[in-house]
2 protein chains.
Amino acid sequence: MTSLRDVAARAQVAVSTVSAALNGTRPVAAATKLRIEQAARELGYRPNLLARGLQSKRTRILALLFPPPAGGFGPTGMGFATAAAEAAKELGYHVLLSPESAAPVEELRHLTGLGLVDGVLLMEVRLDDERPAFLARAGVPFAMIGRTRDPEGIDYADIDFAATARQAVAHVAGLGHRVLAFVNSPAAAFEAGYGPAVRSSAALATAAREAGLDYVDGGHAGSREEGARALDALLDVRPDVTALAVMGDRAAAGVLAAAARRGLRVPDDLTLLLVLASARVAEIFHPRLTTLEPPSAELGRLGARMLIDRLGGGGPPRQRLVPCRLVTGDSSAPPRTGAAS
Amino acid sequence: MTSLRDVAARAQVAVSTVSAALNGTRPVAAATKLRIEQAARELGYRPNLLARGLQSKRTRILALLFPPPAGGFGPTGMGFATAAAEAAKELGYHVLLSPESAAPVEELRHLTGLGLVDGVLLMEVRLDDERPAFLARAGVPFAMIGRTRDPEGIDYADIDFAATARQAVAHVAGLGHRVLAFVNSPAAAFEAGYGPAVRSSAALATAAREAGLDYVDGGHAGSREEGARALDALLDVRPDVTALAVMGDRAAAGVLAAAARRGLRVPDDLTLLLVLASARVAEIFHPRLTTLEPPSAELGRLGARMLIDRLGGGGPPRQRLVPCRLVTGDSSAPPRTGAAS
DNA sequence: CTGTTAGCGCGTTCAC
DNA sequence: GTGAACGCGCTAACAG
């Protein structure tokens with residue numbers, strides 16, 4: 001562990017001069033500066049982050065809070081995390097992975113009290129999330145990936161559900177469909193106020209109406225079995241549905257299975273859209289599903305950048321909405337003529 | 001930010017006494033101790049990790065190194081990370097997420113030079129990985145999730161490929177199959193010495209031989225297209241193959257598609273096994289695939305524990321192998337009588 | 001049993 | 001342009 005002092009000794013200068021030379025805090029003669037840099041290089045000097053943080057009150061460490069394993073999107077969580085960590089690294093920051101327990105606020109109080117992190121990045125934000133309120137009150141800088149019901153004044157990056165829904169509707173309407181149904185994530189997620197669950201259905205309904213399509217609520221499903229039941233229930237009531245969006249890969253698998261069981265072929269008899277799943281996952285379905293891929297990496301990056309900018313100073317809150325990417329698979333096609341009543 | 005001094009002032013004692021009382025470093029009179037604890041509670045005191053780390057040379061922070069996004073297992077990476085972070089938290093440690101760039105060793109040199117982390121947890125270890133050697137030389141404590149070709153003397157937790165392969169072979173042999181083929185991950189991964197790719201095929205071949213089964217090398221595939229081609233190539237040469245293990249979900253999707261195209265039904269005409277994919281993923285296939293689910297969470301936990309134990313003191317290196325869990329889906333069945341020549 | 005002192009490695013005043 | 005001194009919050013010596 002070579003320290004500033006070692007470098008100073010080797011370069012024959014005072015410690016403070018080395019600090020100044022390396023940080024550019026104050027002017028240092030070119031010659032001595034060179035000597036110092038050389039000495040630092042030879043010794044493989046690395047500033048001790050702890051000492052620096054202790055002194056400067058800035059650790060350049062961000063906490064990334066993520067919920068218990070089973071929650072929400074699943075695989076895409078990793079996308080946020082790695083992208084955020086990478087973006088942070090580019091800006092000279094580190095990311096601390098903080099798994100959340102049952103008592104998120106207590107957890108946060110503890111974590112932020114340690115003086116270890118400069119700010120917090122929130123994932124899986126619910127509409128009425130209590131964490132933002134706590135952090136704001138505690139004066140801890142933070143940003144959200146996702147957003148609360150009323151996120152005014154808070155930095156966040158979230159999916160642009162409205163644009164995404166319009167995209168989806170345009171896709172199916174362009175193919176000639178007149179009716180769009182949607183099977184949402186499990187009721188529990190919806191009732192918990194989980195953003196994507198609540199906003200997806202609302203946005204799809206609105207977009208469909210605006211485009212003159214008939215929107216049908218296909219209920220909720222989380223498992224394969226529930227997905228199958230959802231399709232059955234849906235078609236029993238609305239046999240005129242020719243296009244269906246599904247949130248959640250397992251539910252989609254169930255829908256596909258139930259469709260096959262009913263003798264419906266995808267995409268000939270039914271157009272299927274996966275909502276908020278990666279193209280990688282959409283591709284393992286048969287047929288390959290058309291999907292609205294969430295911009296996980298982009299959101300992670302944005303979240304990290306926003307938070308770091310915020311640490312740097314004031315400025316108005318930044319709020320970014322990014323639409324999903326429509327990746328066309330083999331599950332979309334024009335409706336069968338005469339399928340609708 | 002309330003500090004030790006504040007607590008000391010409030011409790012009318014010296015700073016060092018507070019430290020001692022809170023850490024149990026040295027005996028403190030019960031009465032004063034109580035007073036101190038009360039004061040600390042009232043002030044909401046949290047020890048500053050930076051100051052503590054600076055003094056004690058132990059930050060209680062672990063770095064979790066993970067490779068660039070696209071690599072290896074994919075989704076399961078998150079399993080390692082969250083489990084490791086949770087296990088660490090239970091033991092009073094934090095986990096720093098460190099994305100790895102193209103120059104892993106330089107990266108490590110930098111990271112460990114910062115004095116920020118006590119130890120390093122390595123993921124996605126290759127057989128001839130250079131990182132363990134560097135860390136050992138640098139005297140940085142570390143543990144691996146996965147293992148090198150010769151991991152003697154190093155702490156690691158890895159998949160028990162031999163046991164997993166025996167399990168797979170027993171499964172198909174128990175159904176009556178006599179021939180087992182294996183489509184491995186992309187050639188690039190194999191040639192890079194990526195542990196799971198290399199060890200899976202070797203273990204399956206050995207296990208098959210021991211059980212008296214015929215083992216057939218089905219080549220490599222990473223994408224859906226490659227998976228399809230792999231099946232075609234395989235069956236052209238060995239039409240007697242009735243059981244097939246595939247590593248990688250996209251490749252498996254291709255195999256399934258190619259099988260359908262050839263008029264082969266799964267599981268009636270072909271038994272399909274997914275290797276090293278989560279049950280969650282296996283479930284979205286149609287039919288539900290039988291899978292060997294990697295013990296990601298368990299490995300993450302073990303890795304974190306081992307590393308922390310190592311920091312605590314010496315002791316012999318701990319090396320743990322954990323088999324995958326066989327989750328039976330709807331893709332395994334007895335071979336069609338007369339299918340083999 | 002408790003208080004005083006020193007120092008972890010760094011940045012930042014100040015004098016010079 | 002440079003150096004000496006102080007303090008960030010904490011732990012670990014040593015006195016008392």
Side-chain angles (χ1 to χ4, degrees), chain A residues 1-37 39-40 43-61 92 94 110-118 311, chain B residues 1-40 43-61 92 94 110-118:
Chain A
M1 177 99 320
T2 137
S3 88
L4 258 196
R5 249 210 334 241
D6 306 327
V7 180
R10 197 176 218 294
Q12 310 268 40
V13 289
V15 188
S16 62
T17 309
V18 179
S19 171
L22 264 32
N23 298 317
T25 310
R26 73 182 183 196
V28 171
T32 43
K33 183 168 179 181
L34 229 64
R35 224 171 52 243
I36 289 171
E37 280 167 350
L43 266 44
Y45 169 74
R46 303 269 164 217
N48 183 313
L49 282 196
L50 294 164
R52 175 178 292 190
L54 184 58
Q55 156 67 27
S56 66
K57 298 287 190 191
R58 297 193 58 214
T59 62
R60 301 182 81 85
I61 300 178
H94 292 270
H110 178 78
L111 182 66
T112 57
L114 262 23
L116 186 57
V117 302
D118 286 343
L311 296 175
Chain B
M1 175 100 316
T2 139
S3 87
L4 255 195
R5 246 205 341 234
D6 305 327
V7 180
R10 198 176 217 295
Q12 310 267 38
V13 289
V15 189
S16 65
T17 308
V18 179
S19 170
L22 264 33
N23 298 316
T25 310
R26 71 182 184 194
V28 172
T32 43
K33 182 167 178 181
L34 229 63
R35 229 176 45 247
I36 290 170
E37 282 166 349
Q38 165 122 17
L43 265 46
Y45 169 75
R46 303 271 164 214
N48 183 312
L49 282 196
L50 294 167
R52 177 177 286 185
L54 183 58
Q55 159 64 28
S56 67
K57 300 290 190 187
R58 298 193 58 213
T59 62
R60 300 182 80 86
I61 300 176
H94 292 269
H110 179 77
L111 182 66
T112 57
L114 261 23
L116 186 58
V117 302
D118 287 343

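The sequence lines fix the lettering, A, B, ..., with proteins before strands; numbering per chain opens at 1.
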Describe the nucleic acid contact of A:Val15 in one word from base, sugar-phosphate, nothing, applying a heavy-atom distance below 4.0 Å. nothing
If you compare every side-chain N and O of A:Ser56 against the phosphate oxygens of C:dG11 (OP1, OP2), does one of them come in below 4.0 Å? no
Closest of C:dG11, D:dA4, D:dG9 to the A:Leu4 side chain is C:dG11
Among C:dT2, D:dT11, C:dG9, the one nearest any side-chain atom of A:Ser3 is C:dG9
What distance separates B:Arg60 CZ from A:Leu114 CG, expressed to the nearest 0.5 Å? 11.0 Å
If each of A:Thr17 and A:Arg5 is mapped to the nucleotide of DNA chain C with the nearest heavy atom, which maps nearer the 5' terminus, i.e. the 5' end? A:Arg5
C:dG9 phosphate, OP1 or OP2: any side-chain N/O from B:Lys57 under 4.0 angstrom? yes
Would you please confirm or rule out a distance under 4.0 Å between OP1 or OP2 of C:dT12 and any side-chain N or O of A:Ser16? no
Rounded interatomic separation in angstrom, taking CG from B:Leu54 and C1' from D:dT11: 10 Å
Give me the atom names and distance for the closest heavy-atom approach of B:Leu116 to A:Leu49. CD2-CD1, 3.8 Å
Grab the CZ-P distance between A:Arg26 and C:dG11 for me, whole Å please. 12 Å
Distance check needed: D:dA12 P versus B:Arg58 CZ, whole Å only. 11 Å
Taking only N and O in the side chain of A:Asn48, is any of them less than 4.0 Å away from OP1 or OP2 of C:dC8? no
Closest approach to the side chain of B:Arg52, judged atom by atom: which nucleotide of D:dC10, C:dT12, D:dA13 is it? D:dC10
Could you give the CG-to-C1' distance, from A:Leu49 to D:dC8, as a whole number of Å? 15 Å
Rounding to a whole Å, what distance do you find between B:Leu22:CG and D:dC10:P? 10 Å
Closest listed nucleotide, where the reference is the side chain of A:Pro27 and the choices are D:dG9, C:dT2, D:dG1: D:dG1
Report the distance from atom CD of B:Gln12 to atom C1' of C:dG3, rounded to the nearest whole Å. 14 Å
Report the distance from atom CD of B:Gln55 to atom P of D:dG7, rounded to the nearest whole Å. 18 Å
In whole Å, I'd like the distance from the CZ atom of A:Arg46 to the P atom of C:dG9. 17 Å
How many angstroms lie between atom CG of A:Leu54 and atom CG of B:Leu54, to the nearest 0.5 angstrom? 6.0 Å
How about A:Arg58: does its CZ atom have over 12 heavy atoms from other parts shown lying under 6.0 Å from it? yes
Hey, what do you get for OG1 (A:Thr17) to CZ (A:Arg35), rounding to the nearest 0.5 Å? 9.5 Å
Looking only at side-chain atoms of B:Tyr45, point me to the closest of C:dT12, D:dG3, D:dC10. D:dC10
